[in-house]
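The structure under discussion appears below in the form of structure tokens.
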Amino acid sequence: MPLHPSRQRQRGYNQAELLAREVARCLDVPSVDALGRTRATRQQARQHAAGRNEMAGAFAVSPGRLPPGSLLLIDDVMTSGNTLLACQDALYAAGAAEIYVAVIAR
């Protein structure tokens with residue numbers, strides 16, 4: 001799950017990216033950073049349900065970065081699922097065939 005660059009600078013790390021790299025290492029598959037934020041959004045875990053709809057269009061796939069085959073999208077926390085759906089929309093629009101999702105907490 002990509003963070004906006006400003007949030008990444010603020011935190012100093014991306015917890016979902018760290019999880020994804022470890023899962024990829026354990027499964028002996030590549031970890032690819034194909035998905036990026038197109039704009040900053042508010043932290044979803046702190047929003048009321050009505051405020052979580054701003055995620056549509058917040059992600060895009062970098063040209064030439066989408067690997068063939070099935071994809072596993074990893075996030076640390078899922079609240080409403082809108083962030084994951086927005087990511088899936090961007091990945092499918094870029095040509096992804098099959099997407100699986102794994103989250104650590106709901």
Side-chain donor/acceptor of R37 to backbone N/O of P5, under 3.5 Å: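 Flag not set: sc R37 to bb P5 has no pair under 3.5 Å.
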
Taking the side chain as every heavy atom from C-beta outward, state whether [X] and [Y] have any atom pair closer than 4.5 Å.
| X | Y | answer |
| --- | --- | --- |
| V101 | Q88 | yes |
| L66 | L71 | yes |
| V77 | V103 | no |

ILVMFWY cluster membership beyond V32 - transitive side-chain contacts under 4.5 angstrom: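 Other cluster members: none.
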
Co-members of the apolar cluster containing L18 [side chain, <4.5 Å]: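 Joined to L18, directly or through intermediates: Y13.
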
In one Ile/Leu/Val/Met/Phe/Trp/Tyr side-chain cluster, 4.5 Å: I104, Y100: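 Yes, I104 and Y100 fall within the same hydrophobic cluster.
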
Common cluster, L84/V61, ILVMFWY with side-chain heavy-atom separation under 4.5 Å: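 Shared cluster, yes.
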
What is the minimum heavy-atom distance between [X] and [Y], and which atoms define it?
| X | Y | result |
| --- | --- | --- |
| A24 | S31 | CB-CB, 3.7 Å |
| A60 | T38 | CB-CG2, 3.5 Å |
| F59 | T83 | CZ-CG2, 3.8 Å |

Salt bridge (charged side-chain N to carboxylate O under 4.0 Å, His left out) contacts touching residues 68-93 (sequence neighbours left out):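 Qualifying pairs: none.
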
Where at least one partner belongs to residues 21-30, residue pairs that pass salt bridge (charged side-chain N to carboxylate O under 4.0 Å, His left out), sequence neighbours excluded: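 Counting only pairs at least two positions apart or across chains, the salt bridge (charged side-chain N to carboxylate O under 4.0 Å, His left out) contacts touching residues 21-30 are E17-R21, E22-R25.
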
CA sep, side-chain torsions, deciding dist, call: L35, L73, side-chain contact (heavy atoms from CB on, under 4.5 Å): CA-CA 10 Å; L35 197 59; L73 183 60; 4.2 Å; yes

What distance do [X] atom [atom1] and [Y] atom [atom2] have between them, rounded to the nearest 0.5 Å?
| X | Y | atom1 | atom2 | answer |
| --- | --- | --- | --- | --- |
| I99 | L72 | CD1 | CG | 10.5 Å |
| R7 | H4 | CZ | NE2 | 9.0 Å |
| N14 | L3 | CG | CG | 4.0 Å |

Sequence-distant partners of R106, side-chain contact (heavy atoms from CB on, under 4.5 Å), two or more places apart: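 By the side-chain contact (heavy atoms from CB on, under 4.5 Å) rule, R106 matches M78.
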
Name every donor-acceptor pair, under 3.5 Å, that has one atom in a side chain of residues 90-97 and the other anywhere in the protein, sequence neighbours excluded.
none

Pairs flagged by side chain to side chain donor-acceptor pair (under 3.5 Å) wherever residues 57-73 is involved - sequence neighbours left out: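 For residues 57-73: S70-E98.
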
